[in-house]
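Below you'll find the structure, written out as structure tokens, and then a few comments.
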Protein chains: 2
Amino acid sequence: MARTTGSDGEKTEAAVREAAVSLIARLGYEAMSMRQLAAEVGVQAAALYRYFPTKEDLLFTLMRGHMEGLLRAWEAARPASADPVTRLAAYVENHIAFHIERRHATHVSNMELRSLSHERLTQILRMRTAYEKELRTVLRDGAEAGAFEIDDTGLTAMALIQMMTGVIVWFRPGERLSIAEVTASYLSMTMRLVGATISHGTARPSGRAGDAVAL
Amino acid sequence: MARTTGSDGEKTEAAVREAAVSLIARLGYEAMSMRQLAAEVGVQAAALYRYFPTKEDLLFTLMRGHMEGLLRAWEAARPASADPVTRLAAYVENHIAFHIERRHATHVSNMELRSLSHERLTQILRMRTAYEKELRTVLRDGAEAGAFEIDDTGLTAMALIQMMTGVIVWFRPGERLSIAEVTASYLSMTMRLVGATISHGTARPSGRAGDAVAL
DNA sequence: GCACTAATAAAACGAACGTTCAATTAATTC
DNA sequence: GAATTAATTGAACGTTCGTTTTATTAGTGC
């Protein structure tokens with residue numbers, strides 16, 4: 001009863017991460033035991049400690065990966081265009097697509113922050129702030145260019161992010177609405193919320209094809 | 001080593017509830033131990049069981065009280081007027097005021113649902129749905145009356161509620177913005193989001209005095 | 001095929017958990 | 001002021017927790 005046939009470190013680690021995201025999203029970090037996680041992976045609890053020195057290390061690794069992915073996704077989606085409407089549309093589309101695709105991981109990253117040590121919490125919040133700052137910049141540029149009408153850039157950015165991220169609370173793929181429909185609605189609401197002047201036709205973004213719909 | 005001088009059941013129960021809301025909001029339900037809670041109240045852990053038979057009973061009691069308070073607050077704030085803009089403004093103002101005043105309890109009610117038994121979860125969700133339905137009704141009536149331009153009433157209601165409730169995540173009383181300023185901004189964003197026709201001057205609501213600001 | 005390393009199991013650690021129970025004292029009732 | 005009730009303590013229960021240690025087997029390099 002020791003090393004099992006076909007065992008592979010990389011596969012086990014990946015399975016642990018995947019199972020952990022799912023379990024933490026469902027039960028919460030504190031409520032998930034290492035034995036439960038191990039059982040889900042099909043391994044003994046002690047085996048987990050070969051990959052993650054502590055339970056909190058596991059949580060932090062998951063969160064950091066999620067935030068890095070979010071920042072990378074936006075870097076890849078960020079349009080070259082300087083047009084504020086195009087840039088805002090790209091932000092909204094990327095945010096919604098990313099969060100719907102990774103509902104569980106987003107849940108973990110948003111709900112379990114209090115289980116991190118102070119130092120690691122700071123690290124995650126720094127990444128989150130950097131991501132939010134991107135939206136504030138788009139909004140401020142747009143307001144200065146006269147494309148948006150915004151009272152308070154910071155407040156508006158927070159309101160938009162909360163609104164968009166909230167999608168993961170109620171949206172279930174395959175139900176009444178498609179991802180494209182949801183994205184189109186949120187895009188429309190966003191543009192109205194920031195008082196976008198209806199230049200560029202109906203603010204049809206350039207971004208990825210297929211998930212944008214006329215407003 | 002028994003009953004202490006000046007001890008009073010009602011006061012102790014109230015102190016337990018207050019301390020529990022604060023502790024659960026800060027640490028999370030699973031992470032808060034009954035001994036920790038008892039220490040905060042200045043009592044031994046066993047004393048808590050005189051008021052709440054189990055830890056989950058305590059959580060449920062807090063959540064139910066919070067949701068009942070929210071529904072009652074809306075019933076009291078609901079305007080007699082049939083004007084959609086007035087009704088929507090009242091909903092937004094009540095929602096933001098209530099949630100800012102009870103940040104901790106809202107946190108608990110929104111984040112700890114998974115720690116409830118199935119039956120009790122259903123009970124809380126029923127109340128939440130009833131509250132959300134009030135907003136959907138306002139939106140639908142407004143759309144039918146031509147006062148709002150709304151794609152999808154259900155989706156818009158969820159987006160608005162997420163946006164408004166998100167206030168408790170970043171808002172801290174006494175910082176840059178006052179409650180009145182925040183409420184005014186959210187009111188303005190809400191009206192633009194639903195495409196409110198700018199009837200009734202600038203949608204100046206009738207509701208409570210003092211916390212509404214011209215848009 | 002032998003030495004070495006990677007991956008796991010099995011068992012155990014002390015600590016903390018929610019909860020219960022019996023004893024004890026303060027307040028209240030008559 | 002005795003009897004009764006309300007409020008709490010202190011100690012203990014069995015369980016579960018995250019983690020560590022040791023032993024054992026599967027795969028890898030030569």
Side-chain angles (χ1 to χ4, degrees), chain A residues 1-24 26-63 108 112 114-120, chain B residues 1-24 26-63 108 112 114-117 120:
Chain A
M1 331 304 184
R3 179 166 192 172
T4 57
T5 63
S7 62
D8 177 334
E10 284 190 32
K11 284 184 187 172
T12 302
E13 177 169 355
V16 169
R17 297 169 77 127
E18 195 179 333
V21 167
S22 164
L23 273 180
I24 296 175
R26 192 160 76 245
L27 311 173
Y29 169 77
E30 294 281 353
M32 178 203 72
S33 76
M34 296 299 270
R35 286 172 179 84
Q36 221 173 339
L37 173 57
E40 191 84 1
V41 178
V43 101
Q44 290 297 318
L48 302 175
Y49 289 83
R50 169 159 257 275
Y51 306 100
F52 304 97
T54 68
K55 192 184 179 188
E56 195 212 316
D57 275 281
L58 167 58
L59 177 64
F60 176 67
T61 301
L62 297 177
M63 285 186 170
V108 173
E112 307 294 351
R114 57 187 161 205
S115 295
L116 293 177
S117 69
H118 177 71
E119 191 189 352
R120 286 172 159 174
Chain B
M1 337 221 145
R3 178 165 192 172
T4 54
T5 63
S7 62
D8 176 335
E10 283 190 33
K11 283 185 188 171
T12 303
E13 178 169 353
V16 169
R17 297 170 78 128
E18 194 180 336
V21 167
S22 163
L23 273 180
I24 296 175
R26 190 160 79 245
L27 311 172
Y29 170 76
E30 294 282 354
M32 177 201 74
S33 76
M34 295 299 269
R35 286 173 178 83
Q36 221 173 341
L37 172 58
E40 191 83 3
V41 178
V43 103
Q44 289 297 317
L48 302 176
Y49 290 83
R50 167 161 258 273
Y51 306 100
F52 304 97
T54 68
K55 191 184 180 188
E56 196 214 315
D57 276 281
L58 168 58
L59 176 64
F60 176 67
T61 301
L62 297 177
M63 285 186 170
V108 173
E112 307 294 352
R114 59 187 161 205
S115 295
L116 292 178
S117 70
R120 287 173 159 174

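Predicted model only: the values in this text are computed from it and were never measured. Every chain is numbered from 1, with letters handed out A, B, ... down the list of sequences.
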Rounded distance (Å) that lies between atom [atom2] of [N] and atom [atom1] of [X]:
X     : N      : atom1 : atom2 : answer
B:E13 : D:dA6  : CD    : P     : 15 Å
B:F52 : D:dA7  : CZ    : P     : 13 Å
B:E30 : D:dT16 : CD    : C1'   : 12 Å
A:E10 : D:dT28 : CD    : C1'   : 15 Å
B:D57 : C:dG18 : CG    : P     : 14 Å
B:L59 : C:dG18 : CG    : P     : 13 Å
B:L48 : D:dA6  : CG    : P     : 19 Å
B:Y49 : C:dC17 : OH    : P     : 11 Å

In Å and rounded to the nearest 0.5 Å, what is the [atom1] to [atom2] distance from [X] to [Y]?
X      : Y     : atom1 : atom2 : value
B:Y49  : B:M34 : OH    : CE    : 3.5 Å
B:R114 : B:Y29 : CZ    : OH    : 12.5 Å
B:L48  : B:T54 : CG    : OG1   : 11.5 Å

Choosing from [options], which nucleotide comes nearest the side chain of [X]?
X     : options                : result
A:R50 : C:dT19, C:dA7, D:dT19  : C:dA7
B:M34 : C:dC21, C:dA11, C:dT19 : C:dT19
B:A47 : C:dT19, D:dT9, D:dG18  : D:dT9
B:R35 : C:dC17, D:dT8, C:dA12  : C:dC17

With a 4.0 Å limit, can you tell me whether [X] has a side-chain N or O closer than that to the phosphate oxygens OP1/OP2 of [N]?
X     : N      : answer
B:S33 : C:dA16 : no
A:T12 : C:dT8  : yes
B:Q44 : D:dG10 : yes

Report, as yes or no, whether the 6.0 Å neighbourhood of atom CD on B:E18 holds more than 12 heavy atoms from other residues, nucleotides or ligands.
-> no
Per side chain to side chain contact (heavy atoms under 4.5 Å, CB included), A:L59 is matched among A:M32, A:R120, A:E112 by A:E112
Counting any heavy atom closer than 4.0 Å, what does B:Y51 reach on the DNA or RNA strands: base, sugar-phosphate only, or nothing?
-> sugar-phosphate
Taking the nucleotide of DNA chain C with the closest heavy atom to each, which residue, A:A46 or B:A46, is nearer the 5' end?
->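 Result: A:A46.
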